[in-house]
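Before any comments, here is the structure.
In listed order, ligands and their atoms are each counted from 1. Only a predicted model underlies this, so the values are computations on that prediction, with no experimental measurement involved. When reading the values below, keep in mind they use all heavy atoms of this one structure, side chains included, and skip hydrogens, waters and symmetry mates.
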Amino acid sequence: MQTIIFALLSLVIIAVMYWVIVPRWVKRYRTVHVEGLDSILEGTARRVEIKMKESSSVNAFSLPGGTILVTSALLAQSNDEILAAVAHELGHISRKHHLKGFIVTGMLISSAILALGYLGYLAGAFLILFSFLFQRFLSRRFEFEADSYATTLVGRESYSNLLMKYESSGEGRSILSTHPTVWERLKKI
Ligand SMILES: [Zn+2]
């Protein structure tokens, strides 16, 4: 019984983090206007709030509530690049990757806890390893989906320029990275 409570509790904690803590945390950042965003959103019936975080690394994140957080370094790049990066994040929002990620993570964590509690350490360890590999597979799949969504919004040329720049900056090359390599991504769009 304790194990079941513990498993359920872990689900509640992740849900609160996803839908309460993160959206609240992001509220403190300033909302910014991205030139040309309305025109790429035309026909998608989607509205999105863009917030800016001061940071020297070029990056963008989408959050469970549907907000996109961009860094000040990204906003200093060309408009094409900003739109391509935002379009990628819109892909995550549009394909409901946060919700899917939450369901899968929650299921994997609670089943690992149940396995540890009822079947022993070996089964628990096996499930944790399986969870790690499955999360990695899923996250790569989400990246490809967001890439293809972004390509439909900003066009292949603009989007592959962003990916190429990302490659030359030397980021995203780690073997353990949940992100596929830029070459894998370019092939798929
Ligand atoms: Zn992504």
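Residue-and-atom listing of protein N/O/S atoms under 2.8 Å from the Zn ion (ligand 1), sorted by chain and number: His88 NE2, His92 NE2, Glu143 OE1, Glu143 OE2.
Counting only heavy atoms from C-beta outward, the side chains of Ile4 and Leu114 approach each other to under 4.5 Å. Residues Val154 and Asp80 form no side-chain contact, since every pair of their non-hydrogen atoms from C-beta on lies 4.5 Å or further apart.
In summary, Glu145 and Arg141 engage in a salt bridge, as defined by a charged side-chain N under 4.0 Å from a carboxylate O.
Ring geometry for Phe126 versus Phe130: interplanar angle under 30°, hence parallel rather than tilted (30 to 60°). Ring geometry for Tyr159 against His88 counts as parallel: the plane angle stays under 30°, on a 0 to 90° scale with 60° as the upper cut.
Without hydrogens or angle criteria, Glu89 side chain to Ser62 main chain gives a donor-acceptor distance under 3.5 Å.
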